[in-house]
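Structure first, then comments.
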Amino acid sequence: MSAAEKATRLLAFFHDSLSFFAIKDIERQGAKSTGINSMQIKDVLQSLIDDGLVRCEKIGSGNYYWSFPSDASRSRALKFETMRKKVEAGNENVTLLEEKLRFETDARQMTDEREALLRDVDAKQSNLSALNAAISKYSDCDPELLESQQNALALAKEAVNRWTDNIFLVIGYFRDQGTDIQMVYQEFGIPEDLDSVS
């Protein structure tokens, strides 16, 4: 039985009974009438509570659960009303923005002064593009770029020296074990002039 079918059967159990139940009653009676294993009832019940299809209230020392057919229709009606209000608010917002757009478009009549300003903006943007192109020619001398390259070089040197030290530790281990060091150099392709980078 799928999880959806279990949820449908347990919800039908509540709607058919038109009553409220403690968890033990649901496990006992719900398992009999729905065919769901009593060990799985809690999980199915929790999913129905999370979906808002079953209500749970603490009364005294126990929790009681119920769901009536009218609850589902009322929940759908409330959700529908909430969505309808959101749609209305969205439509009002669209109308306001369209009016504002029309107003701004009408306010921007083309005048001689506006044309002169637009030509000036275009000229300055062209000039800015030309300056940026000239600056990009000298990007190899950029102090920030040089600094980042120096930092990357320092990190690379540190990593090379760390691995070189690790290789020397392994060679020392082989030497302590009595292994011929020349054979280790040859087998692992280690150059004999290997040294730390300064």
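Nothing fancy with the numbering, it's 1 onward along the sequence. Just so you know, these numbers use all the heavy atoms, side chains as well, and skip hydrogens, waters and symmetry mates.
- Judged as a side chain to side chain donor-acceptor pair (under 3.5 Å), the pairs with a partner in residues 39-55 (not counting sequence neighbours) are, in order, Lys6-Gln40, Gln46-Asp50.
- Listed by chain and number, the residues in a salt bridge (Lys or Arg N to Asp or Glu O under 4.0 Å) with Lys124 are Asp120 (sequence neighbours excluded).
- Nearest heavy atom pair, residue Pro69 against residue His15, reads N-CD2, 3.7 Å.
- By the criterion of side-chain heavy atoms lying less than 4.5 angstrom apart, applied directly or through intervening Ile, Leu, Val, Met, Phe, Trp or Tyr residues, Ile49 is grouped together with Val44 in one hydrophobic cluster.
- Both Leu53 and Ile41 are assigned to one and the same hydrophobic cluster, defined by single-linkage of ILVMFWY side chains at heavy-atom distances under 4.5 Å.
- Here Asn127 pairs with Leu131 under the side-chain contact (heavy atoms from CB on, under 4.5 Å) rule; sequence neighbours left out.
- Checked against salt bridge (Lys or Arg N to Asp or Glu O under 4.0 Å), Asp122 has no partners two or more places apart in sequence or in another chain.
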Distance-only donor-acceptor hits, side chain of residues 20-32, under 3.5 Å, sequence neighbours excluded:
{"residue": "Asp25", "atom": "OD1", "partner": "Arg28", "partner atom": "NH2", "Å": "2.8"}

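- A single hydrophobic cluster is seen to contain both Ile59 and Phe68, as judged by linkage of ILVMFWY side chains at heavy-atom distances under 4.5 Å, directly or through other members.
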Under 3.5 Å, sequence neighbours excluded: what are the donor-acceptor pairs made by side chains of residues 170-182?
{"residue": "Thr179", "atom": "OG1", "partner": "Phe174", "partner atom": "O", "Å": "3.4"}
{"residue": "Asp180", "atom": "OD1", "partner": "Gln182", "partner atom": "N", "Å": "3.4"}

Please list, one pair per line, the donor and acceptor atoms closer than 3.5 Å that link side chains of residues 80-100 to other protein atoms, with sequence neighbours excluded.
{"residue": "Glu81", "atom": "OE1", "partner": "Arg84", "partner atom": "NE", "Å": "3.3"}
{"residue": "Glu81", "atom": "OE1", "partner": "Arg84", "partner atom": "NH2", "Å": "3.4"}
{"residue": "Glu81", "atom": "OE2", "partner": "Arg84", "partner atom": "NE", "Å": "3.4"}
{"residue": "Glu81", "atom": "OE2", "partner": "Arg84", "partner atom": "NH2", "Å": "2.2"}
{"residue": "Thr82", "atom": "OG1", "partner": "Leu78", "partner atom": "O", "Å": "2.9"}
{"residue": "Arg84", "atom": "NH1", "partner": "Glu88", "partner atom": "OE2", "Å": "2.3"}
{"residue": "Asn91", "atom": "ND2", "partner": "Val87", "partner atom": "O", "Å": "3.4"}
{"residue": "Thr95", "atom": "OG1", "partner": "Asn91", "partner atom": "O", "Å": "2.9"}

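- Between the side chain of Thr34 and the main chain of Leu10, no donor-acceptor pair closer than 3.5 Å is present.
- Residues forming a salt bridge (Lys or Arg N to Asp or Glu O under 4.0 Å) with Glu5 (at least two apart in sequence, or on another chain): Arg9.
- Applying the side chain to side chain donor-acceptor pair (under 3.5 Å) test to every pair with at least one member in residues 143-169, sequence neighbours left out, gives no pairs at all.
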